[in-house]
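Data block below; observations after.
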Amino acid sequence: MQYEFTQKWTKEDYLAFTTNHMITSVFKLSNLILFGGSIGYLLLSPIFTGEYIFSFLGIGVFLFLIFFLIFTKKNAGRAYEKNKEKMFVNYRLDDDGLTYLNVEGDLTKHWNEFYSIKETEDYFFIYFNKHNGMLLAKRDFSSEVIRFVITKCNEHMVDKRKIKFLDVEL
């Protein structure tokens, strides 16, 4: 089977991809444990030392993380506004994989080359390695296309632990 479609990403789509990327790379579980333990130690240090200087450092690190989240979202919004006209993406899905179609040529990623995939109510977040990925907005898909993507990923992706689909029957 083969499906060709064009998607126009909205600002919400772009922010969803940026947020997902930030969560999967910066705020993954191992980093959260490290941040939580470090900040917790710094905040609790007055109990052990009687000095509050480390508590202020802990509060500073916590505020830095909050501002990092806010800054990243605002920066992504600005980047979208600058490149609005480039947010049209052409795809082809077939038995070989996902092909990104543009004027410079076609780029095909085979199903077994996918590093990870995560499905939400509205999107598929597809990564080809830890840092490079793309977004498929499900609003343009029929249930047949969604089922096709899920089936092909389950059949061909090497690391099954990196597959996260919703538990919804189609």
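- Heavy-atom contacts from other residues, nucleotides or ligands closer than 6.0 Å to CD1 of Ile53 number 12 or fewer.
- Every residue was checked against the side-chain hydrogen bond (donor to acceptor under 3.5 Å, both in side chains) condition with Asn154, not counting sequence neighbours, and none meets it.
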Inset, instruction - Check the pair Lys11 / Met87 against side chain to side chain contact (heavy atoms under 4.5 Å, CB included), numbers first and verdict last. - result: CA-CA 9 Å; Lys11 187 173 185 177; Met87 295 296 169; over 6 Å; no
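- Among residues two or more places apart in sequence or in another chain, the side-chain hydrogen bond (donor to acceptor under 3.5 Å, both in side chains) test is passed with Asp159 by Arg161.
- Contact between Gly58 and Leu43 at its shortest, heavy atoms only, is C-CD2, 4.2 Å.
- Side-chain contact between Met22 and Phe68: present, with at least one pair of heavy atoms (C-beta onward) separated by less than 4.5 Å.
- For the pair Val149/Ile117, a side-chain contact is recorded, criterion being any heavy-atom separation below 4.5 Å from C-beta on.
- Trp111 places a side-chain N or O within donor-acceptor distance of the main-chain N or O of Asp94, the cut-off being under 3.5 Å.
- Closest approach of Asn112 to Val158, counting heavy atoms only: O-CG2, 3.8 Å.
- More than 12 heavy atoms of other residues, nucleotides or ligands shown are found within 6.0 angstrom of NZ on Lys160.
- For Phe54, the CZ atom counts as loosely surrounded, since its 6.0 Å shell holds 12 or fewer non-hydrogen atoms of other residues, nucleotides or ligands.
- Here the two rings, on Phe141 and Phe5, have centers that are under 6.0 Å apart.
- Side chains of Tyr115 and Lys130: no donor on one and acceptor on the other come within 3.5 Å.
- For the ring-ring contact (aromatic ring centres under 6.0 Å, His included) with His21, the qualifying choice from Phe125, Tyr127, Tyr14 is Tyr127, the only one to do so.
- With contacts defined as side-chain heavy-atom distances shorter than 4.5 Å, the pair Leu93/Lys152 does not qualify.
- Proximity of Asn90 to Glu4: side-chain heavy atoms (C-beta onward) are nowhere separated by under 4.5 Å.
- Ser142 has its side chain out of reach of Tyr3: every pair of non-hydrogen atoms, C-beta onward, lies at least 4.5 Å apart.
- Residue pairs meeting the salt bridge (charged side-chain N to carboxylate O under 4.0 Å, His left out) criterion with at least one member in residues 51-77, sequence neighbours excluded, do not occur.
- In summary, of the residues considered (Gln7, Lys8, Arg139), a side chain to side chain donor-acceptor pair (under 3.5 Å) with Asp13 occurs for Arg139 alone.
- In this structure, Lys138 is positioned above the aromatic face of Phe124, its NZ or CZ under 6.0 Å from the six-membered ring centre and within 45° of the axis.
- Side-chain heavy atoms closer than 4.5 Å link hydrophobic residues (I, L, V, M, F, W, Y) into clusters, and following such links, possibly through other members, connects Trp9 to Phe128.
- Hydrophobic clustering (side-chain heavy atoms under 4.5 Å, transitive across Ile, Leu, Val, Met, Phe, Trp, Tyr) groups Tyr100 together with Leu135.
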